Amino acid sequence: MSNQSYFGGIADGLKTLGIGLKTTLREYFTPKSTEQYPENRKTTLHVAKRHRGRLVFKRVTEADEALIAKGAQIGDYKCTACTMCEKACPNGTIKITAHMEENPETGRKKKVLDDYHYDLGDCMFCQLCVNSCNFDAIEFTNDFENAVFDRSKLVLHLDKEVYKGGSLPNLIDGGAPLVIGKFNTKTK
């Protein structure tokens with residue numbers, strides 16, 4: 001019985017080796033295609049809308065009637081410095097500094113944002129900060145071109161910048177339209 005299982009093991013091993021070689025040879029002779037990323041990225045590159053590329057502040061628009069009624073101006077950020085995103089961040093990528101300020105008209109105290117410090121280089125893109133924000137003040141965009149030579153340039157102050165979109169046209173809408181089965185490629 002041990003001889004039968006010994007030769008059976010060898011047969012199983014040879015069968016597995018044959019399957020692996022067959023797969024390797026099939027892939028070796030399949031035509032390869034390469035996405036021509038840097039050259040043609042403005043015309044045919046498609047990025048999914050739900051891709052998490054970088055964190056940005058949402059700003060007050062005409063559609064935010066409730067915020068405008070409370071005195072917010074169009075273009076202001078929605079962040080209230082509640083620090084929920086900072087608490088939800090698992091690795092300390094977000095650091096918020098704020099101070100309390102009294103409104104002279106109502107006499108009520110309100111937290112005012114001083115700095116929203118976001119380190120893109122340390123971010124895990126887990127979206128826990130976006131999910132924890134009760135005011136819908138932050139979101140991830142699909143802007144993925146964030147390569148820099150100096151790591152300190154990855155530290156962003158979201159309250160001081162107005163994000164106008166990435167370097168690619170229509171990137172926020174997904175870039176070029178997605179065509180299934182057809183790529184901007186060269187065939188080798």
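Model, not experiment: these values are computed from the prediction.
- Here the side chains of Asn91 and Met124 are in contact, with some heavy-atom distance below 4.5 Å.
- The main-chain N or O of Tyr116 is found under 3.5 Å from a side-chain atom of Asp159 such that the two form a donor-acceptor pair.
- A salt bridge links Lys58 to Asp136: one of the charged nitrogens lies within less than 4.0 Å of a carboxylate oxygen.
- Shown here for Ala81 and Ala98, the closest heavy-atom pair between the two residues is CB-CB, 3.8 Å.
- A single hydrophobic cluster is seen to contain both Leu55 and Leu120, as judged by linkage of ILVMFWY side chains at heavy-atom distances under 4.5 Å, directly or through other members.
- Across every non-hydrogen atom of Ile138 and Val130, the tightest pair is O-CG1, 3.7 Å.
- Contacts classified as salt bridge (Lys or Arg N to Asp or Glu O under 4.0 Å) and involving residues 90-118 (residues at least two apart or in different chains) are given here: Asp115-Lys160.
- Cluster annotation: Val56 and Leu156 are assigned to distinct hydrophobic clusters (Ile/Leu/Val/Met/Phe/Trp/Tyr, side-chain heavy-atom contacts under 4.5 Å, transitive).
- When atom types are taken as modelled, the side chain of Thr93 and the backbone of Cys89 share no donor-acceptor pair closer than 3.5 angstrom.
- Between Thr141 and Asp143, the side chains place no donor N or O within less than 3.5 Å of an acceptor N or O (distance only, hydrogens not considered).
- Atom-to-atom distance recorded for Cys133:SG and Gln127:CD is 11.5 Å, nearest 0.5 angstrom.
- Counting heavy atoms from C-beta outward, Pro90 and Leu128 have side chains that approach closer than 4.5 Å.
- Hydrophobic cluster membership differs between Leu25 and Ile19, with clusters built from Ile, Leu, Val, Met, Phe, Trp and Tyr side chains linked at under 4.5 angstrom.
- Ring centers of Phe57 and Tyr163: at least 6.0 Å apart, outside the cut-off.
- Side-chain contact between Lys153 and Asp150 is present, with heavy atoms from C-beta onward closer than 4.5 Å.
- Closest approach of Thr61 to Ile68, counting heavy atoms only: O-CD1, 3.5 Å.
- Annotation: the span from Lys78 atom NZ to Phe135 atom CZ amounts to 12.0 Å, rounded to 0.5 Å.
- Considering CZ of Arg54 and CG of Leu154, their distance stands at 10.0 Å, rounded to 0.5 Å.
- Taking 4.5 Å as the limit, some side-chain heavy atom of Ile96 sits within range of a side-chain heavy atom of Cys85.
- Of the possible polar contacts, one joining the Arg52 side chain to the Phe125 backbone as a donor-acceptor pair under 3.5 Å is found.
- The cluster map of Ile, Leu, Val, Met, Phe, Trp and Tyr, joined by side-chain heavy atoms under 4.5 Å apart, puts Phe140 and Leu158 in the same cluster.
- Proximity of Arg59 to Asp76: side-chain heavy atoms (C-beta onward) are nowhere separated by under 4.5 Å.
- Note that CG of Leu21 is 4.5 Å distant from CG of Leu17, once rounded to the nearest 0.5 Å.
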Chi angles and distances behind the side-chain contact (heavy atoms from CB on, under 4.5 Å) call for Asn142, Arg50: CA-CA 7 Å; Asn142 57 358; Arg50 65 182 182 183; over 6 Å; no
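- Evaluation of the salt bridge (Lys or Arg N to Asp or Glu O under 4.0 Å) rule for Arg151 yields Asp122 as partners, not counting sequence neighbours.
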